[in-house]
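On a predicted model such as this, the values are computed, not experimentally measured, just so you know. First listed ligand is number 1; within each ligand, the first listed atom is number 1.
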Amino acid sequence: MRGKSDDLLNIPRIGKSAKADFENLGIRTTTDLISLMPRDYEDRREERRLSSLSVGNTTIYCRIRIRKKDYIPLKKGRTLKISATDDDGSTIELYCFNRDYLDKTVQINDEYYITATVSKERGVYRSGAFEIKKRAEELGFGRILPVYPLSGKLTQKAVRAAVDYALNSLSPIEDELPYDFYERLNLMHHALAYNRLHHPHSMIEVSLAKRTLAFTELFYLELENSRAHHHERKKNSVITPLEKKLIKELPFSLTGDQKTVLDEIRADLDSSEPMSRLLEGDVGSGKTLVAWISALHEISKGAQVAFMAPTELLAKQHAENAAVLLAPLGIRLCYLTGAISQKGRALLLEALKNGEVDLAIGTHALFTEDVSFKNLRYVIIDEQHRFGVEQRNMLMQKAKDPNVLNMTATPIPRSLALTLFSNMDLSVIRTKPNGRLPITTYLVSEKKRASMFSSIEVEFKRGHQAYFVYPRIEEDEEGGIKAVERMYEELKDIYPGYKSMMVHSRLKDDEKIDILNRFRDGEYTYLVATSVIEVGIDIPNATCMVIEHADRFGLAALHQLRGRVGRSSLPSYCFLVYSDGISDDAKERLRVMKSTNDGFLIAEKDLEIRGPGDISGLRQSGFFRLKFASLVDDTDLIAQAKEEAEKIAETDRGLIKAKNAVLRKHIKGNIF
Ligand code: ADP
Ligand code: MG
């Protein structure tokens with residue numbers, strides 16, 4: 001790590017509340033602060049005139065002369081108004097809300113400098129948000145100022161001061177790359193790069209600094225990657241009798257991808273290094289089954305396994321699924337969520353601790369403080385991107401170097417996945433189980449809804465079921481957007497004689513579970529829902545998915561929702577209803593949905609349309625570790641970083657050469 005990195009509370013003027021605001025920005029230490037990428041820069045090198053203010057550009061920094069000061073009445077009290085002119089003679093009125101003290105410090109006929117957010121009304125410029133100073137430097141004139149992302153009560157001024165403090169306290173900042181890199185690859189030394197990121201003299205310096213920091217970031221990812229992929233793995237792990245038994249009893253055979261992935265996982269589980277693997281596969285591709293079989297592999301060795309799902313709803317479904325498949329094999333299961341009664345909980349905890357449970361299924365409640373395992377060796381995380389870093393860390397404390405299998409139904413293009421998750425190995429299930437028909441997708445304009453409703457009734461008559469999804473629970477004030485509550489009533493008129501139910505996020509978890517179970521048992525013909533049904537629900541008899549206002553959903557959400565149908569050998573249908581006048585991006589999304597069922601292709605399109613930061617909340621997840629580099633724009637830099645990393649992994653894998661000492665040091669401080 002660079003220098004000594006400090007807690008933020010040691011920085012002057014940062015208290016508990018500012019610390020929390022910084023944490024929301026992902027900043028915990030002084031080192032994080034100097035890596036805080038400005039979201040923009042304000043070029044204050046040249047003074048401006050009020051008349052240069054253009055629409056959409058409302059911040060101005062200029063020199064003014066004070067003409068008049070008065071107090072004007074407000075609804076409550078009064079405020080000081082300062083009128084001034086710039087060199088062109090344009091007038092600006094400054095409203096000094098709660099700043100009467102300016103009456104003393106600002107003198108008529110004197111010159112001052114201001115930065116202000118200005119609006120123009122009837123030829124007069126006005127501002128209520130401004131800073132006024134006697135000397136230009138006090139406002140950063142003549143400089144390019146960084147503009148940071150903010151959170152809570154943080155101000156630009158406070159963040160700038162904190163960053164500057166961090167820069168000073170960490171200096172001298174050491175190089176983070178071997179010395180021969182800098183000149184050869186045209187990079188700035190790191191001390192300079194961090195300095196210029198925050199205090200550039202020109203925009204060219206900004207881009208050089210960013211390039212250096214982005215390269216560094218990518219290089220380390222690629223370096224871990226190249227080194228990690230040289231792990232030795234035991235080949236030809238055996239399939240244990242328990243696994244064989246389960247596989248034999250399935251009413252179908254495993255797909256080729258499932259077999260391959262299982263081989264990869266078994267090899268990891270049998271190797272001496274803990275597994276860290278990401279299993280990607282579209283909804284319905286059969287990941288969960290892979291998880292159960294691999295769990296049996298560990299249980300056969302006498303180990304305990306934990307399976308963690310993001311919601312109670314999913315955890316429950318998995319637990320029921322496991323009860324059917326695994327309990328007959330003599331596997332001792334337990335189901336643990338936050339909703340379990342104190343008494344029941346105490347018993348479960350006891351059983352886990354004594355090793356009387358082989359497989360524990362639950363939400364993050366599995367990993368709260370009071371839970372302990374006898375011999376937890378393998379942790380499976382369903383929908384890993386929905387868990388925060390904190391939750392993952394809690395889990396790590398329950399076992400010593402457990403094997404971890406992260407599963408995600410968010411198909412991430414391979415190149416992106418390798419870079420993003422370089423600390424994990426990647427397994428992909430790409431093919432769907434045999435016998436699945438592709439889902440037919442129709443784009444339906446508002447005007448054609450009636451005929452859509454009647455074609456769905458044909459499915460009802462065949463005994464099949466449907467989901468109707470709406471963006472919101474209640475009508476908004478304008479009433480433009482159809483909502484679950486109203487459509488629940490309307491659909492009753494459209495489909496008299498069919499039973500239905502509503503599900504949305506306002507219901508309690510056990511209510512949702514109950515409704516879904518009844519739906520699965522055929523008690524209701526259709527469900528009217530918000531996107532709560534997005535992840536993991538498995539009801540094979542549901543063949544129709546209707547998404548109204550489909551233009552309001554992102555590609556990832558649409559794909560996940562559509563994945564609720566097509567879960568059997570029945571033909572199934574997805575209807576995406578759109579309104580007139582939707583944006584070009586929305587049109588493009590709907591076209592993509594119609595043209596393919598392939599989640600990976602959809603993810604690639606999503607990447608094209610929106611950029612990687614947006615893929616289904618990856619950025620929030622804490623897995624998205626890139627601060628400086630862009631996986632879309634920096635493709636050349638990625639290639640270069642990869643090349644350099646591979647060279648080092650080949651020539652000095654142990655990083656023992658003197659010139660690579662810096663790498664060793666940096667990697668050590670960054671164990672993931
Ligand atoms: P995922 O977790 O990837 O969304 P699941 O494991 O829930 O997918 O599988 C979806 C459905 O497909 C389940 O009902 C499961 O029993 C079934 N399934 C899994 N593997 C196969 C297979 N090889 N052939 C047929 N059906 C399968
Ligand atoms: Mg699943």
Margin query: Within the supplied structure, the quantity of interest is the number of heavy atoms (other residues, nucleotides, ligands) at a distance under 6.0 Å from E369 CD; does it exceed 12?
Written below: no
Check: Which part of D282 is near ligand 1, with near meaning a heavy atom under 4.0 Å away: side chain, backbone, both or neither?
Finding: backbone
Notebook entry, point to check: For ligand 1, does L254 get within less than 4.0 Å through its side chain, its backbone, both, or neither, judged by non-hydrogen atoms?
Noted result: backbone
Margin query: With a 6.0 Å cut-off on the ring centroids, do F519 and Y526 count as close?
Written below: no
Note to self: In this structure, is the centre-to-centre distance between the rings of F307 and H318 below 6.0 Å?
What the structure shows: yes
Notebook entry, point to check: Looking at R567, which atoms of ligand 1 are within less than 4.0 Å of one of its heavy atoms?
Noted result: 4 (O), 7 (O), 10 (C)
Item checked: Close-contact set for ligand 1 against T255 heavy atoms, below 4.0 Å -> 23 (N)
Next item on the list: May I ask you to say whether D270 pairs ionically with K301, meaning some side-chain N is under 4.0 Å from a carboxylate O?
Entry: yes
Checklist line | Carboxylate-amine/guanidinium contact D382 K287, below 4.0 Å | finding: no
Next item on the list: With atom 20 (N) of ligand 1 as the reference point, say which of M407, Q258, E280, K259 has the nearest heavy atom.
Entry: Q258
Margin query: In this structure, does ligand 1 have an atom that sits under 4.0 Å from one of the heavy atoms of S253?
Written below: yes
Note to self: Check contact between A409 and ligand 1, using heavy atoms of the residue and a distance below 4.0 angstrom.
What the structure shows: no
Checklist line | Smallest separation among heavy atoms of A550 and L590, with atom names | finding: CB-CD2, 3.9 Å
